Amino acid sequence: MSRGIEAEELYAAVEKAAALVGARCARDEVWPILSAYQDAFTEGLIVFSIGGREAGELEYTVQVSAETDPYQPALAGGFVPQTDHPVSTLLPEIRSRAPVGDLFIDGGVVGGFKKIYSQFQAPQKVADLAALPSAPPALAANADYFARHGLTDIVLTGIDYQNRTMNLYFQLPAPLAGNLEDKAVRAMLREIGLPEPSDPMVTYARGSYRVYPTIGWDSPQIKRISFAPQPRRGMDLTALPVQLPAHMEQFLRGAPHTYTGELVNASAVKWTPTAEHLDLAAYYQATPRQLQFFDGNA
């Protein structure tokens with residue numbers, strides 16, 4: 001596998017993207033993370049993302065070699081603390097249970113190292129991942145909720161080492177993907193105790209191809225839930241459910257990228273007990289095959 005991008009080149013791109021959204025990018029905070037993983041960089045996905053309506057943070061998600069153990073550099077570099085909490089053993093258990101095709105690290109220019117993502121070669125079932133010794137009990141506790149709403153195929157997981165939470169990325173089946181009913185979206189929110197959503201956000205969420213809840217070890221409650229349409233080139237900003245602040249618009253139109261043609265953008269509507277907002281992303285790097293998928297030709 002090609003080593004892919006160099007750490008210096010990636011840092012320069014992170015710095016440029018951060019400037020677009022008014023996020024402070026300090027080399028001494030970002031460079032240690034990038035340099036720790038530079039031997040594991042690939043030609044795969046690198047994504048810059050922002051959330052909420054306030055400027056101040058830029059996250060970067062970087063695909064790393066599937067042969068590496070991405071937790072060990074984070075531990076050695078002091079990006080995550082040494083702990084006996086189950087969050088520290090969940091990743092190796094996941095990799096022992098299911099073939100993982102792709103791995104990603106995630107960090108913020110302000111918030112530091114945050115997550116490790118595992119993308120499966122084939123969808124996994126809730127019961128199988130819930131049986132892992134280190135899995136949050138909330139996974140099994142919400143099994144009926146997931147099944148009731150057609151959330152059966154987990155294609156990706158994210159482990160947040162800062163907040164000690166787990167993201168479950170469910171691929172919606174063909175009858176539902178891009179075609180959720182209004183009442184289905186509202187029921188998913190209502191049943192986990194979230195406030196009444198706004199109509200524009202619900203309408204936008206209906207076009208999702210993935211739904212991803214966040215759970216933790218401290219409670220059986222689902223902490224938040226997000227709905228994500230398929231990433232595509234050339235996002236139509238007029239179709240978004242909110243009027244974007246200037247820094248978000250300039251990010252979506254002008255973020256750096258290594259491929260030719262229009263930017264690939266992604267979005268997700270996220271609901272928490274206190275707010276709803278839109279997460280937005282710009283893809284900096286992608287392989288030709290990944291670009292074909294985003295173009296709808298895969």
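Note that this is a predicted model, so its numbers are computed, not measured.
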Handout entry: Separation between CG of Leu168 and CG of Asp153, rounded to the nearest 0.5 Å
Key = 12.5 Å
Exercise for the section: Mark yes or no for whether Asn167, through its side chain, and Thr157, through its backbone, hold a donor-acceptor pair below 3.5 Å. Expected result: no
Problem - Nearest-0.5 Å distance, NE2 of residue His277 to OG of residue Ser226 - result: 7.0 Å
Handout entry: Any Val109 side-chain heavy atom under 4.5 Å of Glu57 side chain
Key = yes
Handout entry: Donor-acceptor contact present, side-chain His85 to main-chain Thr89, <3.5 Å
Key = no
Completion exercise
In terms of heavy-atom contacts, Ser65 and Thr42 come closest through N-CG2, 3.5 Å
Practice task
Answer yes or no: is there a side-chain heavy-atom contact under 4.5 Å between Phe120 and Ile94?
Solution key: yes
Completion exercise
Here the gap from Glu9 atom CD to Thr258 atom OG1, rounded to the nearest 0.5 Å, amounts to 7.5 Å
Exercise for the section: Would you please say whether a donor-acceptor pair under 3.5 Å links the side chains of Gln290 and Thr287? Expected result: yes
Practice task
May I ask whether Val202 and Leu194 are part of the same hydrophobic cluster, defined by side-chain heavy atoms of I, L, V, M, F, W, Y residues being less than 4.5 angstrom apart, directly or through others?
Solution key: yes
Fill in the blank from the handout: For Pro220 and Ala141 the tightest heavy-atom approach is CB-CB, 4.0 Å
Handout entry: Distance flag, aromatic centroids of Phe170 and Phe146, threshold under 6.0 Å
Key = yes
Practice task
Answer yes or no: is there a side-chain heavy-atom contact under 4.5 Å between Val80 and Tyr71?
Solution key: yes
Practice task
Check whether any side-chain heavy atom of Thr152 lies under 4.5 Å from a side-chain heavy atom of Val126, and answer yes or no.
Solution key: no
Handout entry: Short side-chain to backbone donor-acceptor contact, Asn142 and Ala138, under 3.5 Å
Key = yes
Problem - Residue pair Leu20 / Pro256: nearest heavy atoms and the distance that separates them - result: CD1-CD, 4.4 Å
Fill in the blank from the handout: In short, Ala228 meets Tyr212 closest at the heavy-atom pair CB-CE2, 3.8 Å
Handout entry: Polar side chain donor-acceptor pair, Asn163 to Lys223, under 3.5 angstrom
Key = no
Exercise for the section: Kindly compute the distance separating CG (Asp295) from CD (Glu262), expressed to the nearest 0.5 Å. Expected result: 9.5 Å
Exercise for the section: Would you kindly say whether Gln63 and Asp102 are connected by a side-chain donor-acceptor distance under 3.5 Å? Expected result: yes
Practice task
Anything under 30° is parallel, anything over 60° is perpendicular, the rest tilted; go ahead and classify Tyr169 against Tyr117.
Solution key: perpendicular
Problem - Heavy-atom side-chain proximity of Cys25 to Val14 below 4.5 angstrom - result: yes
Problem - Any donor-acceptor pair under 3.5 Å from Gln285 side chain to His257 backbone - result: no
Exercise for the section: Measure from the ring center of Phe294 to the ring center of Tyr283 and say whether it is less than 6.0 Å. Expected result: yes
Exercise for the section: With salt bridge (Lys or Arg N to Asp or Glu O under 4.0 Å) as the test, would you mind laying out the steps for Arg186 and Glu181 before giving the verdict? Expected result: CA-CA 9 Å; Arg186 294 180 187 276; Glu181 294 185 358; over 6 Å; no
Exercise for the section: Start with the C-alpha distance between Gln171 and Ile154, add both sets of side-chain angles, then the distance that settles side chain to side chain contact (heavy atoms under 4.5 Å, CB included), and finish with yes or no. Expected result: CA-CA 6 Å; Gln171 186 82 34; Ile154 302 172; over 6 Å; no
Handout entry: Sub-4.5 Å side-chain heavy-atom contact between Ile50 and Leu58
Key = yes
Problem - Hydrophobic cluster identity match, Val269 and Tyr209, side-chain contacts under 4.5 Å - result: no
Practice task
Step through it carefully: locate the ring centre of Tyr284, locate the ring centre of Phe48, and say whether they are under 6.0 Å apart.
Solution key: yes
Problem - Under 3.5 Å: donor-acceptor pair, side chain of Arg224, backbone of Thr214 - result: no
Handout entry: Derivation of the side chain to side chain contact (heavy atoms under 4.5 Å, CB included) call for Phe227 and Tyr204
Key = CA-CA 9 Å; Phe227 294 73; Tyr204 194 72; over 6 Å; no
Handout entry: Over 12 foreign heavy atoms within 6.0 Å of CG, Asp144
Key = no
Practice task
Drop me the distance from Arg148's CZ to Met188's CE, to the nearest 0.5 angstrom.
Solution key: 11.0 Å
Handout entry: Arg27 NZ/CZ over Tyr11 ring centroid, <6.0 Å and within 45° of normal
Key = yes
Problem - Aromatic contact, Tyr145 with His149 (centres under 6.0 Å) - result: yes
Handout entry: Donor + acceptor pair across side chains of Ser219, Gln221 (<3.5 Å)
Key = no
Exercise for the section: For Gly254 and Leu263, work out which heavy atoms get closest and say how close. Expected result: N-CD1, 4.4 Å
Practice task
Flag the pair Val185 / Arg206 as yes when at least one side-chain heavy-atom distance between them is below 4.5 Å, and no otherwise.
Solution key: yes
Problem - Trp31 reachable from Tyr60 in the ILVMFWY side-chain graph, under 4.5 Å edges - result: yes
Exercise for the section: Of all the heavy-atom pairs spanning Pro241 and Pro200, show the shortest one and how long it is. Expected result: CB-O, 3.5 Å
Exercise for the section: Consider only side-chain N and O atoms of Ser134 and Glu93, and report whether a donor and an acceptor are under 3.5 Å apart. Expected result: yes
Problem - Step-by-step salt bridge (Lys or Arg N to Asp or Glu O under 4.0 Å) determination, Lys270 to Asp279 - result: CA-CA 7 Å; Lys270 181 178 291 184; Asp279 283 350; 3.0 Å; yes
Practice task
Would you please say whether a donor-acceptor pair under 3.5 Å links the side chains of Arg164 and Thr83?
Solution key: yes
Handout entry: Greater than 12 external heavy atoms within 6.0 Å of Lys125's NZ
Key = yes
Problem - salt bridge (Lys or Arg N to Asp or Glu O under 4.0 Å) between Arg190 and Glu196, worked out - result: CA-CA 7 Å; Arg190 183 176 59 251; Glu196 185 68 19; 5.9 Å; no
Handout entry: Non-hydrogen side-chain atoms of Glu6 and Leu10 separated by less than 4.5 Å
Key = no
Handout entry: Polar side chain donor-acceptor pair, Tyr161 to Ser88, under 3.5 angstrom
Key = no
Practice task
Show your working on side chain to side chain contact (heavy atoms under 4.5 Å, CB included) between Val30 and Glu15 and close with a plain yes or no.
Solution key: CA-CA 9 Å; Val30 177; Glu15 193 174 49; over 6 Å; no
Practice task
Nearest 0.5 Å please: distance from the CG atom of Leu151 over to the CG atom of Leu176.
Solution key: 8.5 Å
